[in-house]
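In this text, all values refer to a predicted model and were calculated from it rather than measured experimentally. Here, residue 1 is the first one in the sequence, and each next residue gets the next number.
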Amino acid sequence: MKTTRRCRTLLSVSLNFFALIFSITAFITTYWCVGTQRVPKPKCSKLRTHQCIDYGVNETDPNKVVYSWETGDDRFLFRQFHTGIWSSCEENIHDESEMCRSFLDLAPASEKGMLWLSLISELLYIVLLVVGFSLMCLDLVHSSNIIDGLKLNAFAAVFTVLSGLLGMVAHVMYTQVFQVTVSHGPPDWRPYNWDYGWSFCMAWASFTCCMGASVTTLNSYTKTVIEFRHKRKTFEQSIREEHAREAFGYLRDHSVHSISKSVEVYPSQTMQSGRKTPIGDDSLDLSDITASLGEEQC
């Protein structure tokens, strides 16, 4: 039982460790949602002659007006952006750098409360994962002591389940806030098209590992309790059978001893009571016997 329980605990610790790593990585990265934004092309200049629109006059001939025949999407640039819980970054159309803004400032006022709840839930999710991971590591250390291991196992399962529920709530709330921000956010930020990024996938992978760790921990706790009760029941049954055998042997020995004493006492008494008393010859008178016979014939 010790080896199987240790393997189950190792599996729970591994799943909890991956959940913790994935959650921290997703929390600090900005690739929850990725996509493109449509922005107007900048004005052409001496330094920028491509991907731009010249709205001015010709520099060589001020009297000659330059017209732009670009219409529709040709008048816009499509820049990449990626957004996380904390900030949103997009390409700078003037150079190769990125511009980042706080996502808290981009979210509509009606969604700021839910966004703060999402942030707090994410932090609590990570904290509870750390607590559950620490308890599981302690369970590995105290694997030889079944009672202490069961207590640690139970607390680890509770903390892991709570962290998983908080993580799920945080992810769902952030998704809702982002979708509202796409529709009602600042016009210069609204994406042209977007999709979920690898940070979002990693966050849900963390939730999956967390729930797997909680289920494994609960299974380990339940199976250990059942095995412990079964062993205790088997031990108590063996003790009762041993006591019954001892009692049977004690009664058998006493019965044999009593019978042997009875055999020693009663035969002597029977021989004494059944012994014939010898009749002396001088005590028998033949004349008296003959006279008694004659009287009986008469």
Legend entry - Ser87 side chain reached by Ser102 side chain, heavy atoms, under 4.5 Å: no
Legend entry - Reported CG-to-CD distance for the pair Leu117 and Glu111, which is rounded to 0.5 angstrom: 11.0 Å
Inset, instruction - Measure across Phe22 and Cys209 and return the closest heavy-atom pair with its distance rounded to 0.1 Å. - result: CE1-SG, 4.2 Å
Inset, instruction - Say whether, by atom type as modelled, one donor and one acceptor occur between the side chain of Trp32 and the main chain of Ala26 under 3.5 angstrom. - result: yes
Legend entry - Min side-chain heavy-atom separation Tyr125-Ser121 under 4.5 Å: no
Inset, instruction - Not counting sequence neighbours, which residues clear salt bridge (Lys or Arg N to Asp or Glu O under 4.0 Å) with Glu91? List them please. - result: none
Legend entry - Rounded distance [0.5 Å steps], CG in Leu218 versus OG in Ser12: 9.0 Å
Inset, instruction - Please report the closest heavy-atom contact between Phe207 and Gly164, naming both atoms and the distance. - result: CE1-O, 3.1 Å
Legend entry - Reported OG1-to-CG distance for the pair Thr9 and Leu138, which is rounded to 0.5 angstrom: 12.0 Å
Inset, instruction - Establish whether Leu11 and Leu152 are linked, either directly or via other cluster members, by ILVMFWY side-chain heavy-atom contacts under 4.5 Å. - result: no
Legend entry - Side-chain donor or acceptor of Ser206 paired with backbone N/O of Met202 under 3.5 Å: no
Legend entry - Worked verdict on Phe27 versus Leu123 for side chain to side chain contact (heavy atoms under 4.5 Å, CB included): CA-CA 9 Å; Phe27 187 72; Leu123 288 173; 3.5 Å; yes
Inset, instruction - Flag yes if Val215 and Val13 sit in one hydrophobic cluster, no otherwise; membership is Ile, Leu, Val, Met, Phe, Trp, Tyr, and two members link when side-chain heavy atoms are under 4.5 Å apart. - result: no
Inset, instruction - Assign the ring pair Tyr196 / Phe200 to parallel, tilted or perpendicular, where the plane angle (0 to 90°) is split at 30° and 60°. - result: parallel
Inset, instruction - Please examine the side chains of Leu165 and Val169, heavy atoms only from C-beta on, and report whether any two atoms are closer than 4.5 Å. - result: no
Inset, instruction - Of all the heavy-atom pairs spanning Leu119 and Leu104, show the shortest one and how long it is. - result: CD1-CD2, 3.9 Å
Inset, instruction - State, to 0.1 Å, how close Leu129 and Ser23 come at their nearest heavy-atom pair, and which atoms those are. - result: CD1-OG, 3.7 Å
Legend entry - Side-chain touch Met211/Leu15, heavy atoms, less than 4.5 angstrom: no
Inset, instruction - State, to 0.1 Å, how close Asn16 and Gly132 come at their nearest heavy-atom pair, and which atoms those are. - result: ND2-C, 3.9 Å
Legend entry - Close side-chain approach of Leu128 to Thr160, heavy-atom, < 4.5 Å: no
Inset, instruction - May I ask you to decide whether Asp188 forms a salt bridge with Arg101, counting only side-chain N to carboxylate O separations under 4.0 Å? - result: yes
Inset, instruction - Please check if the side chain of Ser183 supplies one atom and the backbone of Val180 the other of a donor-acceptor pair under 3.5 Å. - result: no
Legend entry - Flag for Thr29-Ser199: side-chain donor and acceptor within less than 3.5 Å: yes
Inset, instruction - For Thr83, enumerate each residue passing the side-chain contact (heavy atoms from CB on, under 4.5 Å) test, keeping only those at least two apart in sequence or located in another chain. - result: Phe81, Ser88, Phe103, Tyr174, Phe178, Trp189
Legend entry - Intermediate values then yes/no, side chain to side chain contact (heavy atoms under 4.5 Å, CB included), Phe159 and Thr217: CA-CA 11 Å; Phe159 280 109; Thr217 307; over 6 Å; no
Legend entry - Note, Gln176 side chain near Met114 side chain (heavy atom, < 4.5 Å): yes
Legend entry - Nearest-0.5 Å distance that lies between atom OG1 in Thr30 and atom CD1 in Ile85: 11.0 Å
Inset, instruction - Look only at the side chain of Arg38 and the backbone of Phe78, and say whether a donor-acceptor pair between them is shorter than 3.5 Å. - result: no
Legend entry - Minimum heavy-atom distance between Thr36 and Gln80, given as atom pair plus value: CG2-NE2, 3.2 Å
Inset, instruction - Say whether Met99 and Trp194 are linked into one hydrophobic cluster, either directly or through other cluster members, by side-chain heavy-atom distances under 4.5 angstrom. - result: no
Inset, instruction - Return yes if a side-chain donor-acceptor contact under 3.5 Å exists between Glu98 and His82, otherwise no. - result: yes
Inset, instruction - Measure the shortest side-chain to side-chain distance between Val182 and Pro191 over non-hydrogen atoms and say whether it is less than 4.5 angstrom. - result: yes
Legend entry - Glu122 and His171: side chain donor to acceptor below 3.5 Å: yes
